[in-house]
Each structure stands twice: as structure tokens, then as C-alpha cells.
Amino acid sequence: MSSLYTYLFIAALLFSLGIFGVFQRRSLIGMLIAIELMLNAASINFMAFNKFLAPDPIVGQIYTLFIMGIAAAEAAIALSIIVALFRRLRSINIERAQELRG
Amino acid sequence: MEFANFPFLSAILLSCVVGLLVILFIPDERKMLIKWVSLVFSGIAMVLSIYLFFAYDKTKGGFQFVEKVLWVKSLGINYHNAVDGFSLPMLMLTGIVLFTGVLTMWELETRVKEFFAFTFLLVAGVFGVFMSMDLFFIFVWYDVSLFPMYPLIAIWGSTRKEYGAMKLTLYLLAGSALILPGILYLFVNSGLNTFNLVTLMQPGTFTPFQQKFAFILLYLGFGILAGVWPFHTWSPVGHVAAPTAVSMIHAGVLMKLGAFGVLRVAIFLCPEGWQYWAQLMAVLATCGIVYGAFVGLAQTDLKYVIGYSSVSHMGIVGLGLATVTVEGMNGAVFQMFAHGVMTALFFSSVGYIYDKTHTKMIPELGGMSKTMPVASGYFIVAALAGIGVPCLASFWAELLVFISAFKTYPIRGALAICALVVSALFMLRVVQRTFYGEKRDEFDHLPDVSFGLGIPRMILVAVIVFFGLFPSVMIDVIQVASIPFINGLP
Amino acid sequence: MTSSFFHNPTLLAAAVAALLPFFTFALIMVFTRPYPRLSAVLSIGAVSVSLICAIFLLGSHWHLEEPIQYTGKWMISGDIHIPFGFLLDQLSLLMLTIVAVISFLVQVYSLGYMAGDPGFARYYAFQSLFAWAMMTMSIAPNMLQFYIFWELVGLASYLLIGFYYEKFSASEAGKKAFVMTRFGDIAFFLGLLVVLLHFGNLNIQDMNSVDVTARMSPALITLSAILIFGGVVGKSAQFPLLTWLPDAMEGPTPVSALLHSATMVAAGVYMFGRIFPFFSNSAVAMTTFLTIGTITMLLASTMAMVTRDIKQVWAYSTISQLGFMVMGLAAGSYFAGIFHLTTHAGFKALLFLCSGVFIHEYETNDFFEIGKYGGRGLKVPIICMTLAAAALSGLPPLSGFFSKEAIMGALAEQHNPVWLWAGLLGAFLTAYYSFRLIFSILFPKKVEAVHQAEHGGHGHGHEAGHHHAGIYWVMAWPLIILATITLVLGFFHTPLENFLVGHHGGGEAHGGHHAWLLYVAVGLALSGVGLAWLEFGRKGAPQVGFVEKVEPISALFANRWYIDRFYRLFLDYFIYGTVSSLFTRNDRRVIDGGIDGMCRATVGTGWALSFLQSGMLQYNLMVMFAVLALVALYFFF
Amino acid sequence: MKLWMLFIPELYCLLMGVVFFGLAMVARPNPRRDYFVALLLASIGVVVALASVKLEGSLFFEAYRVDLFSQVFKVMLAMGFFLVVCLCTELNGIEERHHPEFYLFLTTCTLAMMMLVSSVELLTIYVALELSSYSLYILVPLRRGYGIDVEAGIKYLMVGATSSAVMLFGLSFLFGVTHTTYVVDIIHVLPNVIGTPAAILGLLLTLCGFFFKLAVFPFHFWAPDVYQGAANQVTAYIASASKVAAVAIIIRMVSLVGGNSQYLVDVLVTLSIASMTLGNLVAIVQKDMKRLLAYSSISHAGYVLIGILSMSPTGYASAIFYALAYLVMNLCCFLVVVKVAQDGSDLKIAQLAGLHRRSPILAMALMLAVFGLAGIPPTIGFTGKFLVFTAAMEKGYITLVIIAMINATISLYYYIMVVKAAYLLEPDVAQPQLAVSVPTKVLTASLVAVMVVFGVFPTYLLEVARAAARMLL
């Protein structure tokens, strides 16, 4: 069971779920979480490839750590903008933000 | 010649560019100063171009007054100017039309500075195309000469000016959308890493297939500007919208740019493609001749009439080029020159009439010969030249083209010749409706062309008559280029 | 070359005769337009110099053996050589003289006729242009040069016919003349091109030599001959292009005189004569020409029988006489045609100039009116006109008699007698309509005093008082000279024949062969005169012609057999209504509309695509991933 | 030479960031002071970048390479930064107390991009890219008083975050296929395995992140909204400097393939045509100047891709040249936008009416810039297009070139509409003369001069671009 493809499959599933979440959630927070899922899929990939294929054993772990850190920063920025949006629209529903188009 | 090393060609270009810069630094309010500066610089350009025409050594032939400076080494681009029998008449034409155009716009009062600045930019481009021997520069100059048309028409024009200007500019630049790929195609396939026309035109540089392919791209691209049927509709619309001097330069010179491009780039580089597509060229040209004449018959706007007559006359140029004969080429180049001068005269007199009466609709005019005998006289001379009356320049051109066309394509040639009746009919119809008949009282008080404003028109008439009486002055120069070229064909 | 040029009096004279009027034209147009008198002096001076040169040339080459040809290069382009030069042979010398004489007389006459016209200087400029074009054409050595000046003749007549440009009908007539003759010219040009391509040369002497038959197939010769003859049809107003000529009298009367006698229309017949040997290579073509000439002659005669306009009568008579000339030439008699051309030039100019005096005096074109106003009071013109009309009718011993007899003789040589009968009928009709006019003026119906008084009061305006006598005599002298020519020219029949065809005209037909013909022809002419007398001349004559009594025929004739109507309809419905408007609509809708439609479609696509950028973020993301998926799919398939 | 000297431009940016951070700490806002400090520092930054052009070497365990390619881009970035700072005389779109932060984030973004162009290791690339993106995410909603800025900001962020997630996923595959994260090693391995689905998927997904930066279709959706929503100066920065960095990194990534993948070429051709066409067509119907420029930037992304997809040294060189040309022309346009909309509002095209009277020099600059964008000689824009097309033609992509030229013609339509507004239309209400200060005039004139002079004499820049492109291989 524990072959490379298992992990890749899980990662791909996770990634797809993330994409699905991005499409499906109207709440900005929900979309943000979905994006985190996609990032995690990438992390799993890195780890799996590192474990099964790469000569240097720690590259994948370093990547994952970095991804986590950067995702945290991203979440912080996103949340701050979401807050600003909430102040203006009294909502964090993306459907409300449709002023720019065309 | 002691002046042999003086860069005459660059001097012509510089007189335009320097004129442009000087005008840019003159304050808007000094209108007279701007006009005088324009006159002086355009005069220099004209004198130089006429000098070149007569200084060209016909016995030696080939490219003369060569100037060559390496420009971009890695792409093989040179600043390379030279003239031969084909470009000399064109240079002279440009010089004359520019000078007379500047004089024609002497009464302009709105946004004078910008007008002359754009005009000089445009003309610099035109001169550039005519003298350049490098494909890159030909294309650059070509585009430079096109885009000032937009502001020139849109700002100073008349009937539907924005529409006309937009249509013209887009249409013509769409043509360059075919030219650039064509040029690059040739550049890449030559494998010589050079844009130099003289190097590329050596026989055997391109395979027949490449020539056929590139030729059609270049022919259509340049042909749009030459008003090749059915890509001609920008021309009447644009002419109608444009102000007088711009119409003069545009119909007089710019349309020749297209035909010259076909000659200089397409035909020079792809002679086999030329021979292959000549049939098609002849068909389109004949269509243009016949069609232009018939459509001109139904027009009620003076400028539309001239626009369609241009389509018809440029068809003659196309037909001449399509014959692949010495006479045809001579006739075509001569026709470019003759038509240029003639159309300039046309537009300058129509422009004057329009300025004074504020109409160019034929039904609203009438009896203008009584009201403005001189202005009408100039128009009538132009109309007669347009009909192809002997001893006016375009007669010879048409004669040569028709003889060679009849020789090569009897049916199409005969059709084109028959269109002469129609063109006579529509020209005379216009002359009759506009200038003859009862005069109209509402135009009584309008002044006729003054002596000063008459000068440019006199120059044009003199040129038409001079080359009508002494066609060999022109033909001898042209065939210095055409005979070796045709003889060198594979 | 220049030195030899100046030492050779022949060439010098030819050059001066041909080119001087052009310089006058240029001078007047550029410099002396504001000075009418100076312009007239210049123009008349030039034409008189030309006249002197022409007469000198004619005199010094009366016994010319070989034609003198001088050519210089005008333009050479590749294989096409367009020379400029002179071919002096009998025919061209004769023509040169005719043109010079008539031009000179007309210009002198115009001093009186055009006096006070605002366009006086312009008039003389155009006259000079006309003279130049015609004379240079006459002596052209090469058909290309011939064609070029042929066109210029057309131009000059356009300018002169439309001289009174404020008058709609005048400018219309000018246009009509130009376009209709242009129609013929196109055929002419095409014919020349056929010859040029297959024969390789347009030198008149070469075309007239026997080389042609060797180098061109008979079919080609016929084709090119018929095409070239198209030019004659246009210029000489032959059927079916004959309707421009009657309208052309809208120009000043002296112009009509010039046009109808020695220049414009004569050019056509002259061209026929010029390359007569070439034409006679093709029997088919010659028969065609004969037919055309006959039809023209008869049609024009019938038209002349019903009109009331003095100038139109002469115009129709010109057409019918041109028909005669073409018939004569086509029947194979070179001399007959040219001789009739010569005599016709004289008496037709006379007729028009006389009419001009009447018109100038009474300011009407209707000859019944002129008669009522007392036209016969003007002695010189009426005598001259009667004389000329008699010549026109072919009454002996006037010039017309001799030339017409020559033509009849030639027609009698034809196998088919139809041509001769047609010719005789024509002669009868000619006599009838000429004298219809003459008698109407001579013996008007009861003169009403009112008209006289009215006329005397303000009939012909301001100039009547002061310059009347002077102007009258300026106009009268040319009449007298022409009348003299008409009287005596007939007796130069034999010398002229010797001059023209003497040495190589072996098989020429001669009036003498058919003595009976002479009597028949004269008899018919006289009976025509008699009929006219019965209807118009005698006391209490009804002054209504026999044709006019039959309404439909009269209408048919008066409307020129509806040829004009047909052209009008053709122009309106076919050219303007169908071709031109179809093309225009195609241009606006299809070609231009297509371009505009493309532009609109582009903008429309842009507008449609802008909805892709919906405000909804997730739709955008979906598009993004969808495209990504498509790209990935493309890889796998 | 010390190793840290290779890092000087970045260090200098860091220093600038520290200064602005300090200024942000100071309580009382003083826009004039902030502006002059920024201008001074930015101009020195250009000098520093120029001075370090010749440096070569590598840092951080080979993860960071300093060569002509990267240094040229750094100079462009420093120039772009400097020019954007020049536009900040009337920074009315952003609240005064936020000015130091504005400069701070501009600086960090520039720093990140400088690092991006030098990065030759996947993680470094990722980090640098994210840093630059995050700075921009914050800059966009900084605008004051306009409801749309936050919406634009959140859309930017969401699209950006999604794209970078996709890119990361792709990076993981690249890592999996090549077993390394160093570009140098990938260059050796990748061409051999580029036929495999995993490799191609990895590369494609990786490129998504960069396409997002460059606003290539279909990753362009943020561009119009962000251009319109952000403050004018921020938009200017996004439109110019950020695009240049994106071009650099895309060149770097595509060159990994070594020209072996027809599939990748097809994809790039498709995307390039789609970008050009979509950008040009939609731009036609725009009313807002910045939105129009956004769509124009989408189409220009397509043109740049033509150079890149040629996958030849000349192609990369032409793309570099094009990026520079685009930087200059675009900044010139934004200069006019900023100066005409002095209150920091959005500029409608109709508001340009009468510009030729209000300020002839701005009108002329606008016309030249716009014609340059349309690719009309003798501007640098034409030369850029010419080079790009030449490169494509050398590979025989004639259809692509013809389509691109037709697109250029279409684009001319809306560019001319801009010129028409500036030169032809008269405003409904008479507008006062625009006060254009002398420095602005000098700036305008020099931008125009650069556009024309390097359009006519492209040799020098072209040689630099070629030398830079040679560094890649």
C-alpha cells in the first residue's frame, strides 16, 4: 500500500478537493481554507517524492516547513483584507463583491 | 561630379526631420513663422529631389547616390539609401507635392504647428520609403508615413472625418500586418542575415515557392495602400474626409507608396512570384479600372469622384506592373508620377472650392467657371489629364500601360481600354455639372484663387504639361532601371 | 540635326506651320488672357503664317515624286517608339492647306462674330489649339502620332463646342461630342494596337505598303481595319455615332464652320484616306464601310428634311456628305472621297459662315423666322449661301458637282447597283432640303410689320449702332473668298486628280465612263430643287414639306430616328441605372459594408468577451481551471 | 571580491525598507519628506543596480545566481521602482499617514523581484515570488475612499493564492521527476524526461504561477480589477516592474526545457494567441483608462510569450528587450494618467478630452507611448515587436506572426481612441491648464526620448539583451 502512487493519489485528491472548495465556497474564509488544502497537497507531494525518489532526504521537509510558514503569512494578509472587506460590506460573502466587472 | 559624395538623400530626409524639430520649438502663436519655416524646408526638399532627378547618371544606371551606414549588426540592418530610375520620379513627385501642399494650406489657421509637424513627419516617412534600400527601414518609414494620417484627417478634416481617419489608418496598418511577416519571411529564409535589398535581390536567393508565398503577402500588404481592388474602399472615404493638403499628399504620394512597395519589395525580391501571380494582379487591376470608373459615375461628392478616379488610375499602375514587360513597368512608374501630380491638382482645386463654398456636393455647385474661373480652370486641366488627353503627362503612362497590357492580356487590356470611355464620361459629367451651367448667385461674392494661392497649382499644371510634352525626360530615367531588371528576369 | 533642320526650308515650313499655333495657344492661356485684342492678333498672326507656309509647301511640292518623311524621337520606351515628325505627301499637303485656309478665314470671320464676347481671348486660344492639333495630325508620319493629335482635335472641339459653358445644352453637347467620339477612338486605338502587335510598326507608309498582307492574316487585317474605322465612325459622325454632330452646333457658329468643314469631322475621312491602301486590303471591311456610309448618308438626309434650325440643316447635310465621302472611298475611289472632302470643306464652311451672319444679325436659328425678318436683305450672305447650297446639291458648274460626280462614278463601278441608287436618292434629298432652306429665307410668307419693328428696336442689342458696318464686312470678306473657291475649285478637278493620284492611280473610276449618270444625277438634283420650289419657293407655297405632312415619319425624322433616345435610355437604364448603381451598391454594401461589418464584429466580439470578466470571482477561477484542464487534455490526446 | 558584494542591490533594497519602516514608526505624517527620501533612495538604487551590472557569481549554496541576465533585470526593476516613485508627487490616492508603508511595500516588492530574477532554486523562487505578491496584496487595498480597492485586493489575493498553490503543486512534480530543486540540474535532466506526463504537468502547473504574475490568459482575471481598483501609482508599479520580473522568471523556467517540447510550444502558442486576442478585443469596449491599460497589458503578455516560445537565444533576447520597452512605454502612459488624474481618482478615457490644449507635452507623450504600445515605428515598442516577430519567424511560426500582426492592428483601434480623446475631443466643460512642473516635464521628455532614441538606435540595448540571454544556457 505504501507506494509512491498512494501518496500521489492522496495529494491529487486533496488538491482536487481544494479546487472544488475554491469553486464551491462563497465564504472567503472557506475559500482560504480550500487554498490551504491545495498547499497541503503540494506538501504531501514533496514529502512523498523526497521519501521515495530523491537522494537528499530533507529537501521535502524543508519545503513543507517553508510552505507552512508562507501559508501562515498569506492567511494573515488574507484575513486582514477580509476584515477590511467585512467593514465595508458587512459580509464576507464573495458574491457581494461584484462591483468590478467588464 | 564634384558633389558626388554629398549625402543628398540624407539631406532630403534631414530637411524634413529638421523642419519638424524646428516647428516643434516654435511657439503656437507664431503662425506665419511656422508656415515660412515649413515652406523653406519643403522647398529645400523639393529642390534637392528635382536636382537628383536630373543629376542621375543615366548612362551608368543602377543605384546611385548610395549612402550606407551599419545600423544593427546582429540583424544585418543597414541605413542604406540609394536611388534608381524607379525611385527618382517618386522622390521628385514627393518633393513637388509637399511643397505645393504646404503652399496650399497657407490659409490654415487652426492648430497650425501641429499640422505642419505631422505633415513633415509623414513626408519624412514617404521620402524614406522611396530612397531606402533596407527592408527594415522601408518598413519603418512606411509605418511612419501612415500613422500621422490619423490626426491629420481627424483634426483638420471634414465629412465623417473621424470615421474616415479611423478606417484609413486601420486599413492601411492592417496592410502592414501582412508586410512585416512577408519581410521577415524573406529575411529568415534567405539565410544571409541581412535586410539589405541589394544583397537579397540576387537571383537564386529564394526558392520559387518562397517567392510565390512571400510575394502574395507583400503584394496584398502593399496593395492595400495602392488601392488595389477590392481593398480600395478606404481611399474614397479617406480622401473625402481629409483636408486639402493631406488629400494631396495622400492621394498624390502615399498611394504611390503602396505601388512602389509592390515594385521595390515584392517584385524586386520575388521576381518569380511576380510572374506567377501576374495573372491575378492583372485581373484585380482590370477590375479596379473598370469598377472605379463605373462607381465614380454615380457619385455626387466631388471628392468621392476623385477618390474613385484614383482607384481607377491606380488600377492602371497595377495593370502596368502585371504585364511583366519593360513598357508596362515604365508606364506604371510614369503613371504613379503623373497620377500623383494630377490628383494633387484635383484636390488642391476642390479644396479651394470647398473652403470657399463649404460644399463639395455636385448638385449644390454649378457654374463655378463663372464664379471662380481660375480655380475651375485648374480642376478642368486635372480632369482632362485624368481622361488621358494627349500632351498631358498621364496620357503617355496610360498609352504605355495599355499597349503592353493589350500585348500580354488582350481581353483584360481591351476591357481596361474600354473603361476609358466611362472615365471620360464621369469626369466630363462632373466638370459639366460643377463648373458649367448657370452660375449660382449665392457664390457670387466669393473670391477666386489669388496669385499666391495659385502658385502651387501653377507648378502642378506646369509639371503635368511639361512631362506631357516631353515624356522622354521621364521615360529615359525610368527605363534605365526597368530594362536591366526585365532582362535579368529568370 | 538642328542645323540641317534650319537649312531645309521644307522641314522648317512644316514645323512652323504645325507648331506655331501651339505656341500661340500657350501664350494666350498663360499671358495674354486679359487682353482680347492682343490674343486675337497673335492667333490670327500665327494661323496666317501657317497658311503661308502651307501654301508654300503645296506650291513647292506640286510635282512631288517621293513623299518626304522626317521623324525625330518623341519618346522611346523599350520596344515602343513614338516618333514625332512630318510626312509630306500629296494628301497631307492638301489637307494642311485646307486646314490652314479654313482656320484662317474662320478666325478672321470670328473677329466680327465674337466681338465683345467675354471669352474672346479664350476663344482664340482654343482656335489655335484646334489649328495646331489638326495640322500636326495632317502631317503625322505615324499612326500613333496621328492618334495623339486626333485625340487633341477631339479635346479642342470639346472645348469649343462647350464654349458657352453657362448654357446647359452647350456643355452637354460638348460632353456628348467628346464621349461619343471617344467611343470610336477606343476602337481606333484597339485597332492600332492590333496592327502594332502583329505588324510591329505604325508608320503610315509601311502600313500602306504591301508588306501588310504578307505579315498579317486577312482576318486580322479585317479586324484591325474595322476597329480603326471605328475612329472614323466617331469623328466623322457616321452611323451609329452620328448624333453628336447636330448637337455640336451649340458652339459659336464659326466653330461649327470650322468643325464641319476642315477639322473635326474631316479628320475621320482624312484618316480613311490616309491609310486607304491599308483599308483596301480587306474587301469585307470595305463593304462594311460602304454600308455604314450609305446608311449614314440617307439617315442624315431624312433628318435634314424636317428641321427648322438653319445650323441643324447644315449639320445633317455635313453628316450626309461625310457619308458620301465614306461611300466614295469605300467604293474604292481614293480620289473621289478626298476631292469631295476638299470641295465640301469650302462650301460647308461657307454655308455655316453665312448662317452665322444671319444668326448674328437676327439672333435666331429658325430659318423661317430669319426669312420673316427679312433675311434676304443681307445681300452678300444670301448670295453666297445660295451658291454654296447649289454646290452642296451638286449643281454644275460648282465644285460640289464635280466631286459628287466622281463619287457617283465610283459607286457605279460597284457590282451591286444598290449603292448607286442610294447615292442618287441622297443627291435628290440633298438638293431638296438645301433649297427648302434657301427658298424659305428668300421667299418668306407674309412679313408682319410687327416683327420688323421689334427687330429694329432692340433685336440685336448694343453693337448694332456703332460697329455694324465694320463687323459686317469683317464677316463678309471670308464669305466672298470662300464663295470664289466654291465657284472655281471644281475646275481644278483634273490637276488635283493628277496631283493626288496621278502617278499611281491607274485604275481610277471616272465620271466620264458613265455619261448617262451625269445627266441622271443633275436631273435628280434639279428635281429636288424643283420640289423645294413647289413647296417653299413659289408664291403662296404652303411652306410645309411633303414629309411633314405625314406625322409619324416626320416625328421619326425629327427625333433622329430615335437614335438619341436609344442612347439616352441605354445610358440611363443600363449604364447609370444598372451597371453603375449596381457597382456602387456593391461598393457600399458588400465591399465597404464587409469591412465595416468585420470591424463591427470585432467590436461586438470584444463586447461579448468582456462578459467573461464577470464580477464573480469564482466564475473567473472556474474559467481558469477549465482552460488549464483543456490544455492538459490536449497533451493526453 | 567579497561574496556579499554580489548581493548589494538586494541589500540596498533591504536598507531602504528599513528606512521606510523607520519612517512609518514616526507618528506625524509628512508626505513631502517621505517623497523626497524615497526619491533620493530610489535614485541611488538605480545607481547601485547599474554599478552591479557586471557582477557575476553565486550565493547561498548555488541557490542564488548573479549574472548578466539577473543584473539586467535588476537594473530594470530599480529603474521601474525609481520611475514609479517619481510619479508619487501627488500621491493623493493613498492616505498621508500610509505613505511610508506604501514606500515600504514597494521596496519589499522590488527586493523580492530582484531576488526572483536571481533565484535558481525552486524554493527560493517560490519564496521570492510570494514575497513580491504579498507586498502587492497589501498595496492594492491601501487606496483611500474608493469602495473598489478592497474588492480588487481580495480578488487579487484569491486568484494569486490559488495560482501559487497550483504552482507549488507543479513544483512538487518537477522535483519528483528530476529529483532536484536546482535549476542548473533540472536543465540537464528535464529535456530528457520532458515527454513524460509528470514532467510536463509539473512544468505547466509551475508556469501557472508566473503566468499569473504576467497576466497571461487564463490567469489574467485579476488584472483589470486590480488596475482599476488600486491607486494609480500602485497600478503603475504592478503594470511595469512586476511584469518585468514575471518575464524574467518565465524565461528562466521555459529555458529549462531546452527547446525539446513541441507540446509546451503548442501550449504557449495557444496561450499567447488567446491572450493577445482576448486582451485586444475586450480593451476595445473599455471606458476606463487604467482598465484599458490592463487589457492592453494582457495582450502584451501574449506578445512577450511569442519571443519566449521561440526558445532560442534571440527569442529570449527579444523578450528581454520587449519587457524593457514595455516598461518604458507603460510608465509613460501611467505618467499621463497620474498627472491628469491629480486627485488620485480613476481616469476615464473621456476625461482626456482636450489634453492637447491642457498640456501639449503630456498629450504628445501619451500619443507616442500609445503608438509605441501599438507597435508603430519609430518607437521602442515597434523595435520590440519587430525583434519578437523575427525570433518567431526564425522558428517558422509565420501563422503566429500574422495573427499577432492582425492583433496589433486591432489594438491600434483602441489606442487611437485614446489619441483621439487627447487630441481631437474637446471637454464638455472647459478644463483648466494642467500645471506640469519642470521636473515632470524633464521626466516626460526623457521618457519620450528613451522611447524614440532606443526605437531608432536599438543596437546597444539589443546587444545587452543578447548577452543576458546567453547567460541562460
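Quick note: numbers below take in every heavy atom, side chains included, and nothing from hydrogens, waters or symmetry partners. Since the model is a prediction, treat every value here as computed from it, not as a measurement. Throughout, a chain's letter reflects where its sequence line sits, starting with A, and its residues are numbered from 1.
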**Student:** Salt bridge or not between C/Lys235 and C/Asp185? Use side-chain N to carboxylate O under 4.0 Å.
**Tutor:**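 The answer is yes: the pair qualifies as a salt bridge.
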
**Student:** Would you mind telling me which of D/Asp266, D/Thr270, D/Ile410 has the largest number of heavy-atom pairs within less than 4.5 Å of chain C?
**Tutor:**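 Top option by heavy-atom pairs under 4.5 Å: D/Asp266.
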
**Student:** Go through the atoms of D/Val285 and report whether side chain, backbone, both or neither lie under 4.5 Å from a heavy atom of chain C.
**Tutor:**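 The answer is the side chain of D/Val285.
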
**Student:** Answer with side chain, backbone, both or neither: which region of D/Tyr414 has an atom nearer than 4.5 Å to a non-hydrogen atom of chain C?
**Tutor:**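 Neither part.
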
**Student:** Provide the closest heavy-atom pair for D/Ala230 versus D/Thr235 in the form atom of the first, atom of the second, distance.
**Tutor:**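 That would be O-OG1, 3.5 Å.
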
**Student:** Answer with side chain, backbone, both or neither: which region of C/Leu621 has an atom nearer than 4.5 Å to a non-hydrogen atom of chain D?
**Tutor:**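 Answer is side chain: those atoms of C/Leu621 sit under 4.5 Å from chain D.
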
**Student:** Let's test your reading of the structure: which of D/Leu205, D/Ile200, D/Leu204 forms the most heavy-atom pairs below 4.5 Å with chain C?
**Tutor:**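 Highest number of pairs under 4.5 Å: D/Ile200.
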
**Student:** Salt bridge or not between C/Arg585 and C/Asp592? Use side-chain N to carboxylate O under 4.0 Å.
**Tutor:**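 C/Asp592 and C/Arg585: not salt-bridged.
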
**Student:** Looking at chain C, which one of D/Ala274, D/Ala283, D/Pro224 has the largest number of heavy-atom pairs inside 4.5 Å, strictly under?
**Tutor:**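 Heavy-atom pairs under 4.5 Å are most numerous for D/Pro224.
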
**Student:** Does D/Ser272 have any side-chain contact (heavy atoms from CB on, under 4.5 Å) partners at least two apart in sequence or in another chain, and if so, which?
**Tutor:**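 Result, side-chain contact (heavy atoms from CB on, under 4.5 Å) vs D/Ser272: D/Met276, D/Leu305, D/Ile306, D/Leu309, D/Leu400.
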
**Student:** Under the ring-ring contact (aromatic ring centres under 6.0 Å, His included) criterion, do C/Trp132 and C/Phe149 qualify, and how do the steps go?
**Tutor:** CA-CA 9 Å; C/Trp132 169 59; C/Phe149 287 93; 5.2 Å; yes

